[in-house]
Amino acid sequence: MTILPGPVLDAHGRQLDQVRLTGLSATGFHGVLDHERAEGQTFVADVTVHVDTRRAAASDDLAHTLNYAELAAEVVEILGGPAVRLVETLAEQIASAALDHTLVAAVDVAVHKPSAPVGVPFGDVVVAIRRDRVKLPSARFDPAAAPATSVATIGAPAAPDAVRPAAAPAPVPPPPAGIPALAPSDDDPATGLVDPVPVPEPDLMDRAPAGPVKAVLALGSNMGDPREILTRAIEDLAGAPGLEVLKVAPLARTAAVGGVEQPDFLNTVLLVRTTLAPRALLRVAHAVEQEHHRTRDVRWGPRTLDVDLITYEGVVGVTDDLELPHPRAHERAFVLAPWAEIEPDAVLPGLGGGPVAALAATAPDREGVRWLRLDWTSGDGGSRP
């Protein structure tokens with residue numbers, strides 16, 4: 001196994017524990033050359049996650065540690081999933097999946113490509129990376145597209161004054177003999193005022209906009225009566241304070257992705273206008289899901305209702321619980337195709353983004369979109385194969 005040097009420390013400077021998964025493998029169709037993408041080859045991943053295992057050990061409860069079986073399944077799914085050109089991209093995707101588990105503080109990923117077309121005798125090709133909550137996976141965060149007030153800069157120290165250097169503090173005379181020195185103070189002795197305690201800058205995802213902004217929500221259902229559930233969910237969202245539904249996309253019938261055998265989904269997309277902060281809008285989406293008895297027992301499994309926040313105007317960034325734009329939107333035809341119908345000139349920002357209509361035409365799951373039904377909320381409407 002390829003191990004990256006150096007321990008990972010917690011907030012108190014203590015070395016974190018490790019859970020290692022070695023030799024995870026799958027046949028993938030990744031590569032730059034045509035024959036790699038046509039014939040496929042074996043890819044192998046080693047993953048080390050850095051966690052604190054003490055609470056789990058004390059309670060003997062899986063809920064307090066990483067479920068490595070789930071992570072292993074996610075890694076194998078990425079190795080055998082939609083084709084990418086670079087091993088580096090696979091490594092970043094695996095790191096992103098590991099950091100989606102909130103107990104993981106950092107992750108080391110090594111992706112092996114033992115059958116790489118190198119052209120000379122060799123033993124292995126390995127791309128090894130370390131990612132954590134500060135150095136985020138590029139699959140989750142696009143620094144070039146992030147605004148100046150992105151999550152990466154929140155809480156960073158202010159730049160030094162380049163125009164006028166701060167005056168050096170006056171020397172403090174030593175106390176008279178026998179009197180202990182006092183701890184330094186930020187109080188102003190001339191005025192008797194105390195410097196205010198600095199207030200942390202709000203998280204990017206908690207900042208309410210100065211005025212209404214546009215956002216895109218994606219809805220899906222494949223349990224119960226999906227069309228009825230989607231119709232009622234749209235009504236619930238339209239009735240939420242601070243949220244206005246501008247446009248409802250055609251209804252798409254799509255094959256499920258993720259490898260879990262289940263019925264086809266009905267999907268649609270909403271263009272909305274909101275005065276809510278991104279995280280507040282996400283909470284509204286989750287509340288509507290719960291209203292329709294959404295459960296999260298199986299990753300990418302069947303569900304009564306799924307409401308995802310895809311984009312939020314002017315925000316590109318990632319936190320532990322929210323990433324904008326949605327990290328997989330660029331490869332999901334069941335989101336892109338309906339969205340392009342109501343906003344033909346829409347552009348998905350961030351890593352892997354671009355014109356939505358073009359992304360829909362090249363998305364890996366585009367063949368899974370069975371049909372689009374127009375004007376479905378007002379009647380049977382028409383359909384498009």
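In this text the structure is predicted, and so the values were computed from the model without any measurement. These values consider heavy atoms only, across backbone and side chains, with no hydrogens, waters or symmetry-generated copies.
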Measure the shortest side-chain to side-chain distance between [X] and [Y] over non-hydrogen atoms and say whether it is less than 4.5 angstrom.
X    : Y    : answer
D46  : V109 : no
L251 : L230 : yes
L372 : P338 : yes
V104 : D132 : no
R130 : H50  : yes
N67  : L71  : no
L219 : L270 : yes
E244 : L246 : yes

Indicate yes or no: does [X] engage [Y] in a salt bridge with an N to O separation below 4.0 Å.
X    : Y    : value
K113 : E36  : yes
K214 : E313 : no
R303 : E289 : no

Roughly how far, to the nearest 0.5 Å, is [atom2] of [Y] from [atom1] of [X]?
X    : Y    : atom1 : atom2 : result
D61  : R55  : CG    : CZ    : 8.5 Å
T304 : H292 : OG1   : NE2   : 8.0 Å
L282 : D308 : CG    : CG    : 8.5 Å
L324 : R279 : CG    : CZ    : 9.5 Å

Using the salt bridge (Lys or Arg N to Asp or Glu O under 4.0 Å) rule, take R232 and E291 through it: C-alpha gap first, then chi angles, then the decisive distance, then the call.
CA-CA 10 Å; R232 288 169 48 207; E291 183 69 21; 5.9 Å; no
What are the two closest heavy atoms between [X] and [Y], and how far apart are they?
X    : Y    : answer
I342 : A249 : CG2-CA, 3.5 Å
L305 : A233 : CD2-CB, 3.7 Å
H330 : G352 : CB-O, 3.3 Å
A360 : L336 : CB-CB, 3.6 Å
T311 : P349 : CG2-CD, 4.1 Å
A329 : I310 : CB-CG2, 3.8 Å

Atom CG of D60 with >12 non-hydrogen neighbours under 6.0 angstrom:
no
With the 4.5 Å side-chain cut-off for hydrophobic clustering, are Y68 and L24 part of the same group?
yes
